[in-house]
Amino acid sequence: MKTWEHRERTRDMLAREVGHVRKPHGGRLRVALAFPNTYYVGMSSLGFQTVYRLFNDLDNVVCERVFLPPKQELQAQLRAGTPLVTLESQTPVSDFDVFALSVSFEWDYTNVVTLLRLAGLQPRSAQRTARDPLVVIGGAVTFVNPEPLAPFAEVIAAGEGELLIPSLVGAMTECADRDDLLRRLAAERGFYIPSFYDVRYQSDGTIAAFDVKAGTGAPATVKKAAVKSVDRLDPPATSIFTPDTEFGSRFLIEVVRGCANLCRFCWAGYNYLPVRAFPADRILELARQARAHSGKAGLVSIALCDHPEIERILTGLLEMGYSISPASLRLDDLTEPIVRLLRKSGERSITIAPETGSDRLRRVINKTVTNDEILAATDLIFANEIDNLKLYYMIGLPTETESDLVAIRDLTVEMRDIMLKHARPRGRVGRIVGSVNPLIPKPATTYQWLPMEDPAVTDAKGKRLRQLLSGLDNVYFNIKSERHSYYQALLSLGDRRVADAIEAAERNGGQWRAAVAEAGIDAAFYIFRDRSNDAVLPWDIIDGGMKSTFFQNEFAKSLREEWTLPPKRQQENRKLLPVLE
Ligand code: SF4
């Protein structure tokens with residue numbers, strides 16, 4: 001694409017947006033903020049939009065956006081060496097003080113390398129100089145296990161932007177040079193400087209230690225930054241509206257952060273603690289302001305109904321004329337008024353996550369609901385004229401047997417019967433759509449030491465489940481094979497040596513098998529090894545607030561099929577949890 005065509009396309013894109021920020025660069029800290037995927041995907045990310053707003057809320061900062069060019073332009077741009085420029089002012093990224101990348105998904109790791117190359121930067125921080133922009137990588141994946149990305153960043157921002165962004169900007173404006181800056185950041189909460197640590201390995205390839213380099217003053221582990229209270233914070237909400245995204249001009253807003261249920265497989269549950277509810281008045285005020293640009297509200301929260309004023313929020317949104325779409329709803333929090341309000345706002349489908357079919361296996365994973373409660377929630381949903389139900393299940397859970405697979409079928413059949421009971425008299429029968437994913441043991445969860453299940457076993461379970469579910473009218477299942485998640489698991493569980501494979505996959509167009517071979521990485525070592533005897537795990541460098549002894553106890557309870565906290569309310573949970581200071 002020629003330069004003038006590119007400029008024209010950018011102008012068109014900006015013209016279709018409402019809410020982007022233009023500021024003169026003079027005298028300001030300049031931040032190029034990238035989402036390592038296309039505009040279409042990146043602009044649907046509430047996290048990305050929030051970081052953009054948080055930077056631009058500071059008067060002494062100008063923050064402009066960068067995305068991965070569409071496929072057809074990308075290769076041409078790389079070949080021609082056309083510099084990567086920001087959307088707002090068409091300034092080359094290499095002219096900025098900071099190149100910040102907000103990374104939400106493991107699959108975007110290769111795009112991080114592509115963006116660095118497009119920006120004219122060496123991918124590895126060790127090969128860059130202090131004249132290059134400071135490369136800061138943040139986002140959800142990096143505060144769980146940043147190690148595979150560690151060699152690409154000067155700074156990994158671990159935690160929540162509301163705290164990290166003012167600290168970063170403060171340090172950048174006060175420090176005289178790059179060395180000073182990195183030392184200052186290393187001393188602050190939430191900033192991990194990978195070059196300040198030497199990773200020492202045992203002869204079997206496991207990590208022996210992260211050795212802090214002398215003179216850096218870096219801490220032995222980096223404490224994740226999390227805001228204590230959100231009482232005086234604006235909730236993250238869409239600040240730029242554009243029709244050119246996955247969700248169209250939907251108004252996204254975070255209602256409550258965190259989930260107190262502590263399901264043993266769930267990294268989001270463990271890593272967004274403590275549970276914090278944004279002020280209802282502010283949520284409604286922002287929604288009122290956004291109403292001119294959007295008629296659809298997307299409520300982004302992993303435990304939406306944990307908000308003490310959720311009914312008032314839903315009622316308020318409804319009165320403003322919004323149609324409301326919640327993310328997945330936690331089963332134990334579904335109440336009649338909530339379902340009724342959702343139906344009234346036009347919702348025809350609700351998503352819930354039974355995770356598995358048997359109460360026994362749900363006790364193993366600490367999903368604190370029973371089949372009886374799930375069936376009661378199903379009745380509530382269909383009685384209130386919701387037509388369709390989406391279900392999330394997992395396979396490959398610890399202690400799972402054939403009878404647990406049969407239980408998935410049995411539970412689904414009972415749910416379908418409830419759907420038919422309500423739907424037939426109305427003369428309108430909806431669908432139950434199930435999605436089944438193999439468990440990927442995640443860092444910083446109770447299952448962090450577990451190997452992923454043997455693919456042959458998971459495939460056999462998938463096949464059996466397909467048989468069990470075949471021929472059920474109005475029920476549709478998508479059962480994913482383990483191969484689908486294999487390399488995602490590598491990126492999730494890897495250490496900084498996996499960076500070689502990321503670079504190789506970026507070069508060869510995402511051929512992971514060849515990339516892993518080229519990098520000399522043994523993927524099975526990371527994915528299928530029991531890590532319970534490892535001295536140090538790659539993600540131990542980040543202290544997310546949960547102690548390893550807590551996870552060990554949880555694992556023992558998992559095998560004893562014990563729930564940790566039958567009462568699910570956050571106040572009760574709080575007494576038992578290490579709340580971040
Ligand atoms: S209820 Fe959902 S969000 Fe909460 S811990 Fe369990 S899986 Fe995670």
Side-chain angles (χ1 to χ4, degrees), residues 46-47 104 140-141 143-144 160 226 254-278 298-308 310 326-335 338 350-359 361-371 373-374 377 389-398 400 408 434-448 450 485 492 544-546 550-551 553-555 557-558 561-574 576-580:
L46 185 55
S104 299
V141 290
F143 69 77
V144 177
E160 297 174 351
E254 187 175 3
V255 172
V256 56
R257 189 170 291 177
C259 169
N261 202 73
L262 299 181
C263 297
R264 293 183 173 121
F265 58 86
C266 176
W267 73 262
Y270 286 125
N271 287 286
Y272 288 103
L273 289 171
V275 175
R276 290 148 294 168
F278 286 95
L299 307 182
V300 182
S301 293
I302 52 175
L304 185 65
C305 302
D306 268 358
H307 197 295
I310 187 64
S328 156
L329 288 164
R330 231 181 52 198
L331 276 152
D332 48 309
D333 279 336
L334 270 184
T335 60
I338 288 172
I350 279 187
T351 304
I352 55 174
E355 312 295 4
T356 185
S358 72
D359 287 345
L361 198 47
R362 239 178 263 112
R363 285 197 302 275
V364 170
I365 60 175
N366 204 42
K367 187 88 185 183
T368 52
V369 285
T370 61
N371 278 350
E373 288 170 304
I374 292 169
L389 189 58
K390 265 197 198 157
L391 305 173
Y392 282 117
Y393 288 114
M394 283 191 298
I395 51 173
L397 296 167
E400 185 178 66
I408 290 180
S435 174
V436 182
N437 288 287
L439 170 77
I440 303 178
K442 286 281 181 184
T445 67
T446 297
Y447 295 150
Q448 63 178 353
L450 277 185
S485 342
S492 170
M546 309 300 281
F550 172 82
F551 287 141
N553 285 337
E554 280 297 289
F555 191 67
K557 282 172 140 187
S558 174
E561 301 175 7
E562 269 177 38
W563 275 344
T564 286
L565 300 162
K568 286 148 278 191
R569 296 288 165 246
Q570 49 166 306
Q571 285 307 326
E572 290 162 69
N573 282 4
R574 250 196 200 146
L576 294 143
L577 284 175
V579 173
L580 293 165

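As the structure is a prediction and not an experimental result, all values here were calculated from the model. Both ligands and their constituent atoms are indexed starting at 1 by order of listing.
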Under 3.5 Å donor-acceptor, Asn371 side chain and Ser358 backbone = no
Who gets closest to atom 3 (S) of ligand 1 by heavy atom: Val369, Leu262, Ile302, Val275?
-> Ile302
Heavy-atom contacts with Arg330 under 4.0 Å: which atoms of ligand 1 show up? List them by number with element.
-> 1 (S)
Just by distance, with hydrogens left out, do Glu373 and Thr370 show a side-chain donor and acceptor under 3.5 Å apart?
-> yes
Side chains of Ser485 and Asn437: is there a donor and an acceptor less than 3.5 Å apart?
-> no
Name the closest protein heavy atom to atom 8 (Fe) of ligand 1, giving the residue it belongs to and the distance to 0.1 Å.
-> Cys266 SG, 2.4 Å
Nearest non-hydrogen protein atom to atom 2 (Fe) of ligand 1, with distance, is Lys367 NZ, 3.9 Å
Taking Asn366 for its side chain and Thr564 for its backbone only, find out whether a donor-acceptor pair lies under 3.5 Å.
-> yes
Evaluate the side-chain proximity of Tyr270 to Glu554: yes if any heavy-atom separation is below 4.5 Å, no if none is.
-> yes
In terms of side-chain geometry, is the basic nitrogen of Arg276 or Glu160 positioned less than 4.0 Å from the acidic oxygen of its partner?
-> yes
Atom indices of ligand 1, in the order listed, that fall short of 4.0 Å to a heavy atom of Asn261 | 1 (S), 4 (Fe)
Name the closest protein heavy atom to atom 5 (S) of ligand 1, giving the residue it belongs to and the distance to 0.1 Å.
-> Cys263 N, 3.4 Å
Hey, is Phe265 one of the residues with a heavy atom under 4.0 angstrom from ligand 1?
-> yes
Taking both backbone and side-chain atoms into account, decide whether Cys259 has an N/O/S atom under 2.8 Å from atom 4 (Fe) of ligand 1.
-> yes
